[in-house]
Student: 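Provided herewith is a single structure, encoded as structure tokens, for subsequent inquiry.
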Protein chains: 2
Amino acid sequence: MTDLEPLWRHLLGRRLRVLRLAHGEKLAETAARAGVSPQYLSEVERGLKEPSSEMIAAISGALGLSLLDLTLGLSDDLRSFHELAASDYRPSALLMAA
Amino acid sequence: MTDLEPLWRHLLGRRLRVLRLAHGEKLAETAARAGVSPQYLSEVERGLKEPSSEMIAAISGALGLSLLDLTLGLSDDLRSFHELAASDYRPSALLMAA
DNA sequence: GGGCCGCTCTGCTGTGAGCGGAACGCCGCA
DNA sequence: TGCGGCGTTCCGCTCACAGCAGAGCGGCCC
């Protein structure tokens with residue numbers, strides 16, 4: 001169960017990047033609006049850093065998201081993750097098909 | 001919108017405490033199962049510390065929760081928060097009634 | 001080939017995560 | 001009523017890391 005889930009920072013980071021790209025924005029644009037460095041936003045998106053609560057608020061705010069929007073989206077991502085895990089997905093099967 | 005929401009660490013901490021108490025557990029019990037100090041768990045629950053992703057996983061795991069359970073619960077909490085805010089709740093009105 | 005752009009890498013410093021010992025309040029019992 | 005135990009919080013500490021500035025890398029265009 002919990003062994004198979006991503007860590008919080010990976011889950012969060014992936015969603016933030018997906019949303020930023022969906023908005024057609026560059027790292028520097030979103031970072032500037034959030035008041036953080038582009039380097040740092042890159043790290044957060046790649047799950048390399050643990051953002052503080054204030055940073056989470058600033059970055060999601062810059063993407064026009066409330067914490068509610070964010071947690072709902074993360075729940076969706078985790079559901080998809082569980083569904084994928086339940087489908088007995090095997091990377092080696094894909095490699096052989098390619 | 002985002003101005004009126006709680007910070008992530010407060011949101012998370014409140015839910016973890018509520019769930020622990022709902023399980024009828026003491027700080028020390030849950031902390032031991034999570035492999036953290038009781039002092040630290042107390043701090044996390046009160047939103048005084050920013051737990052790392054591994055700590056979030058350990059504590060929620062100790063409460064029998066997946067990250068999905070957790071994010072769903074947090075979304076519910078935020079919805080309640082927004083509903084309360086939308087009802088034009090006024091602390092001073094309550095104080096006068098008491 | 002050089003400049004520009006977008007993103008990532010590298011190294012740094014001050015801050016805070018996580019914890020051990022102590023303190024506090026509450027409760028039950030002799 | 002004083003004491004011990006329990007549950008939680010306070011306090012101070014150390015070292016890891018959050019957040020960032022400068023540099024590096026690859027791609028694209030003139």
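Lettering of chains follows the sequences in order, A, B, ..., and the numbering in each one begins at 1. Any value given below was found using the heavy atoms of this structure, including those in side chains, with hydrogens, waters and symmetry copies removed. Predicted, not measured: the structure shown is a model, and the values here were computed from it.
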Student: With sequence neighbours left out, what residues match A:Arg33 under side-chain hydrogen bond (donor to acceptor under 3.5 Å, both in side chains)?
Tutor: A:Glu25
Student: Would you tabulate the pairs of protein nitrogen or oxygen atoms and nucleotide nitrogen or oxygen atoms of nucleotides 22-24 of chain D closer than 3.5 angstrom?
Tutor:
| from | atom 1 | to | atom 2 | distance (Å) |
| --- | --- | --- | --- | --- |
| D:dG22 | O6 | A:Gln39 | NE2 | 3.1 |

Student: Rounded to the nearest angstrom, tell me the gap between atom CD in A:Glu43 and atom P in C:dC12.
Tutor: 16 Å
Student: When you measure from the side chain of B:Thr30 to the backbone N and O of B:Leu27, does any donor-acceptor pair fall under 3.5 Å?
Tutor: no
Student: Among all residues two or more places apart in sequence or in another chain, which pass the side chain to side chain contact (heavy atoms under 4.5 Å, CB included) test with A:Leu19?
Tutor: A:Arg15, A:Leu63, A:Leu65
Student: With a cut-off of less than 4.0 Å, is there a side-chain N or O of A:Arg46 near OP1 or OP2 of C:dC9?
Tutor: yes
Student: Which whole-number value in Å describes the distance from A:Arg9 CZ to C:dA17 P?
Tutor: 15 Å
Student: Expressed in angstrom and rounded to an integer, what is the separation of A:Leu48 atom CG from D:dA16 atom C1'?
Tutor: 16 Å
Student: In this structure, how many angstroms lie between the P atom of C:dT15 and the NZ atom of B:Lys49, rounded?
Tutor: 15 Å
Student: Kindly say if B:Ser42 contacts the phosphate of D:dT9, meaning a side-chain N or O under 4.0 Å from OP1 or OP2.
Tutor: yes
Student: Suppose we screen for side chain to side chain contact (heavy atoms under 4.5 Å, CB included). Which residues come up paired with A:Leu21, at least two apart in sequence or across chains?
Tutor: A:Arg17
Student: Run the side chain to side chain contact (heavy atoms under 4.5 Å, CB included) test against B:Gln39 and tell me which residues pass, sequence neighbours left out.
Tutor: B:Ser37
Student: The criterion is side-chain hydrogen bond (donor to acceptor under 3.5 Å, both in side chains); which residues satisfy it with A:Glu54, sequence neighbours excluded?
Tutor: B:Arg9
Student: Figure out the CD/P separation between A:Glu45 and C:dT8, and round it to whole Å.
Tutor: 8 Å
Student: Any base atoms under 4.0 Å from A:Val36, or only sugar-phosphate, or nothing? Heavy atoms, all strands.
Tutor: sugar-phosphate
Student: Measure from the side-chain N and O atoms of A:Glu5 to the backbone N and O of A:Leu78, and report whether any donor-acceptor pair falls under 3.5 Å.
Tutor: no
Student: When you check the side-chain N and O atoms of A:Asp69 and A:Ser66, is any donor under 3.5 Å from an acceptor?
Tutor: yes
Student: Please list, by residue number, the residues of residues 13-27 of chain A whose heavy atoms come closer than 4.0 Å to an atom of DNA chain C; answer none if no residue qualifies.
Tutor: A:Arg17, A:Arg20, A:Lys26, A:Leu27
Student: Roughly, in whole Å, what's the span from CD1 in B:Ile56 to C1' in C:dA17?
Tutor: 12 Å
Student: Which of the following nucleotides, D:dA21, C:dT10, D:dC11, is nearest to the side chain of A:Ser37?
Tutor: D:dA21
Student: Distance check needed: D:dC10 P versus B:Leu41 CG, whole Å only.
Tutor: 14 Å
Student: Can you name the side-chain hydrogen bond (donor to acceptor under 3.5 Å, both in side chains) partners of A:Arg79, sequence neighbours left out?
Tutor: A:Asp76
Student: What does A:Glu50 touch in the nucleic acid at a heavy-atom separation under 4.0 angstrom: a base, only the sugar-phosphate, or nothing?
Tutor: sugar-phosphate
